[in-house]
Amino acid sequence: MKNEIKNETKKTDGVSIFSSVNGWTFFPPLIFTVVLSAVVMTNPEGFGNILQSAFAFTTDSFAWMFSWYFMALTSVVLYLAFGPYGKKRFGSGKPEYSTLSWLGMMFTGAAGLGVLTWTTVEWFYSYQTPMWGVETGTSQALQQAAMLPLFHWGPVFYMGYALIAVIFAYQFYCKKVDDSLPSTACSTLIGGKHANGGIGKTIDIIYVISLLSSVVTCVGVNIPTLVAIIANMTGSEPPFIISVVLILLWSMIMAVILFAGLKKGVGLLSNIRVYLGFGILVFVLLFGPTFYMLNSFTDGLGMVMNNTLHLISNTDPYAKSLMPQGWTVFYFAWYITMSIQNGAFYGRISKGRTVRELIFGLIGSTVIGTYMFFVVFQGFSIHTFINEGLDLGAAMSAGGQGAAIAAVWKFLPFAVVMMPILFIFANICMQTLLNANAYSMAMATTKVLKSGQEPPQWIRIFWSICIGVISIALLMIGGIRPFQTITVIAGIPALAIIALMVASFFKDIKKNGWVMPTDDTKIEDEVIEDYFK
């Protein structure tokens with residue numbers, strides 16, 4: 001008996017750390033990270049020119065494809081919500097969470113740094129280059145500027161999350177499949193043999209690389225916001241090395257938290273992020289130009305409602321403003337690359353819900369959470385530009401997006417007090433962003449886990465570092481365009497994967513009916529909560 005124990009111990013001690021790794025999804029993204037970072041760091045300017053050309057070609061050539069995808073997506077989601085499957089339920093048990101808690105988890109997902117960044121400055125890009133032949137500097141250009149970001153962060157885009165959430169919720173609670181890889185969701189269409197073979201592995205590799213690209217974009221576009229806050233606090237523009245240090249600190253702090261197993265600490269950061277974010281909103285709304293912000297948002301929302309179908313299909317081929325190519329197509333691709341990951345989470349927390357509840361709960365809560373930021377920060381930014389005489393164009397020309405954000409936030413009420421609060425909020429947002437996405441990367445690159453199991457912490461730490469490395473490399477090129485480019489390029493194959501998942505889902509429910517299992521095994525709350533954090 002003792003010898004058996006000794007032999008078993010030896011076997012355990014000799015197990016490689018890579019024994020838990022799914023090599024097919026782990027190593028190709030790792031190679032992608034190493035090659036991309038090395039090429040960029042060797043010749044940032046040359047690679048930047050290549051990315052610029054790739055962005056122009058992809059967005060101009062495939063704008064129509066993304067538009068048709070989102071028109072089809074909208075039709076499919078509305079069919080699921082109002083058609084014969086609307087009342088179908090995910091599993092036979094009661095909902096895992098109360099309705100308020102369930103909506104709250106989706107609602108608070110919108111309270112992040114990215115939306116704070118874009119609500120402050122995105123409208124100005126549209127104002128500088130209005131669509132449909134409208135002249136720059138006119139009231140019509142300003143109306144478009146207030147409208148377009150609301151469209152980009154509105155219900156049409158969140159429908160992509162809702163569709164994938166339905167597919168994964170069906171996988172988790174009706175088919176009792178705990179795997180969240182897209183290849184598994186395609187198995188009915190391509191067959192189990194192909195799902196486990198080369199086709200399935202290719203699908204999963206593309207998914208992980210596209211996920212990595214979308215996360216890196218999140219980091220890259222938010223760095224200028226952090227730099228803007230530091231500039232406002234110190235009175236001078238920080239050097240490039242500060243951006244590098246910030247990214248490294250995020251990765252290192254997250255590594256320490258994960259290594260120490262401080263899950264409660266991560267959960268506390270998530271809660272602080274939510275309360276602090278909405279506290280900032282209430283403060284600025286009350287002490288800022290309240291009625292102007294409310295009027296601006298209301299007018300912009302009306303413009304979106306009046307032009308939604310045109311905005312989905314808009315490529316502006318006659319006036320050739322390139323605004324749809326430069327921004328709408330980017331957002332199309334960005335939401336596509338993030339939809340599998342986010343959809344899997346939303347599906348995971350939706351046990352016991354109906355299809356209709358999931359679709360409208362998800363879209364309603366996320367849009368409301370996002371639009372609260374637009375009411376305040378976009379309205380405040382436009383007010384500062386129009387009524388305070390801020391030359392936002394000069395600020396952007398001189399120092400880029402970060403300088404423009406810094407220029408706007410100097411006008412915030414009690415700015416001296418607000419800047420440190422915004423700095424804390426921004427860093428917490430980035431920590432929780434890295435944690436959530438490093439967890440997603442770890443889940444996708446670990447061998448299939450049983451219910452209640454979590455991916456090894458070292459894999460999560462590893463991916464948080466990789467995200468930081470690519471972000472630093474692309475920052476060397478300068479601007480936000482490199483980050484947008486890799487997302488747009490990754491969006492095309494990710495779109496194809498989602499199309500396969502949708503086709504497989506409909507084939508499955510047509511062939512087998514809506515499966516309702518009798519034994520409704522509970523998925524551990526701890527895993528769901530950790531994924532959310």
Side-chain angles (χ1 to χ4, degrees), residues 65-91 102-103 105-106 109-110 151-175 177 179-189 203 206-207 210-211 214 308-309 312 331-351 353-367 370 440 490-510 514-515:
M65 183 182 68
F66 286 103
S67 292
W68 278 106
Y69 167 78
F70 272 86
M71 284 190 283
L73 166 70
T74 302
S75 301
V76 171
V77 172
L78 292 177
Y79 169 75
L80 286 171
F82 294 107
Y85 300 108
K87 294 183 179 180
K88 296 295 185 181
R89 197 169 294 276
F90 300 112
W102 177 65
L103 292 174
M105 282 190 282
M106 293 188 284
F151 170 66
H152 291 156
W153 293 83
V156 170
F157 290 78
Y158 286 113
M159 283 187 183
Y161 292 0
L163 178 59
I164 301 301
V166 168
I167 293 173
F168 274 116
Y170 180 78
Q171 291 281 321
F172 296 147
Y173 299 113
C174 294
K175 296 189 69 177
V177 176
D179 186 357
S180 57
L181 288 174
S183 61
T184 304
C186 296
S187 60
T188 302
L189 181 68
I203 288 173
I206 292 172
Y207 157 62
S210 65
L211 171 59
S214 68
T308 294
L309 185 58
I312 297 174
Y331 273 108
F332 280 156
W334 199 6
Y335 277 84
I336 287 169
T337 56
M338 292 191 296
S339 62
I340 298 178
Q341 168 216 356
N342 287 314
F345 165 67
Y346 291 131
R348 181 78 75 178
I349 64 173
S350 297
K351 172 191 172 184
R353 301 291 169 182
T354 66
V355 172
R356 189 172 300 158
E357 284 176 332
L358 175 53
I359 289 172
F360 287 114
L362 192 161
I363 294 174
S365 57
T366 52
V367 170
T370 301
S440 298
I492 295 176
L495 187 155
I497 291 174
I498 292 172
L500 291 174
M501 292 173 64
V502 174
S504 183
F505 168 72
F506 278 106
K507 182 179 179 180
D508 192 294
I509 57 178
K510 183 179 179 180
W514 192 274
V515 179

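We count residues from 1, following the sequence as given.
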request  = Answer yes or no: is there a donor N or O on one side and an acceptor on the other, between the side chain of S504 and the main chain of L500, under 3.5 Å?
outcome  = no
request  = Determine, step by step, whether I164 and N342 satisfy the side-chain contact (heavy atoms from CB on, under 4.5 Å) criterion, reporting the C-alpha distance in whole Å, the side-chain angles of both residues, the deciding distance to 0.1 Å, and the verdict.
outcome  = CA-CA 8 Å; I164 301 301; N342 287 314; over 6 Å; no
ask   = Would you say the side chain of Y85 lies within less than 4.5 Å of the side chain of W514, judging by non-hydrogen atoms?
value = yes
ask   = Taking the side chain as C-beta and beyond, is there a heavy-atom pair between Y173 and R348 under 4.5 Å?
value = yes
ask   = Are the side chain of S210 and the backbone of T337 linked by a donor-acceptor contact shorter than 3.5 Å?
value = no
key: For the student: nearest non-hydrogen atoms of L362 and A165, plus distance   = CD1-CB, 3.9 Å
message = Closer than 3.5 angstrom, by distance alone: can the side chain of S67 be matched with the main-chain N or O of I312 as a donor-acceptor pair?
response = yes
message = For I336, is there any backbone N or O sitting under 3.5 Å from a side-chain donor or acceptor partner on S339?
response = yes
query = Below 4.5 Å, heavy atoms only, C-beta onward: do V166 and Y170 meet side chain to side chain?
reply = no
task = Compare all side-chain heavy atoms of K88 with those of I509 and state whether any distance is below 4.5 angstrom.
result = no
key: Test item: Y335 and L73 side chains (from C-beta on) under 4.5 Å apart, heavy atoms   = no
task = Mind telling me whether Y79 and F506 have parallel, tilted or perpendicular rings, with 30° and 60° as the class edges?
result = tilted
I349 side chain near M106 side chain, heavy-atom distance below 4.5 Å = yes
task = Provide the closest heavy-atom pair for F172 versus D179 in the form atom of the first, atom of the second, distance.
result = CE2-O, 3.9 Å
remark   = Smallest heavy-atom separation, Q171 atom then A185 atom, equals NE2-CA, 3.9 Å
inquiry  = Show, in sequence, the C-alpha distance, side-chain angles and deciding distance for F505 and L189, and conclude whether the side-chain contact (heavy atoms from CB on, under 4.5 Å) test is met.
reply    = CA-CA 8 Å; F505 168 72; L189 181 68; over 6 Å; no
task = For T184 and S180, indicate whether the former's side chain and the latter's backbone hold a donor-acceptor pair under 3.5 Å.
result = no
Minimum side-chain heavy-atom gap F70-M159 below 4.5 Å = no
inquiry  = I need the minimum non-hydrogen distance between L358 and A169, along with the two atoms involved.
reply    = CD2-CB, 4.3 Å
task = Please check if any side-chain donor atom of Y331 sits under 3.5 Å from a side-chain acceptor atom of W153, or the reverse.
result = yes
key: Parallel, tilted or perpendicular: ring planes of F332 versus F66, cut at 30 and 60 degrees   = parallel
request  = Determine the minimum heavy-atom distance between K507 and T188, stating which atoms define it.
outcome  = NZ-O, 3.6 Å
request  = Indicate the atoms forming the closest heavy-atom contact of L103 with S365, along with that distance.
outcome  = O-CB, 3.8 Å
key: Min side-chain heavy-atom separation Y346-F168 under 4.5 Å   = no
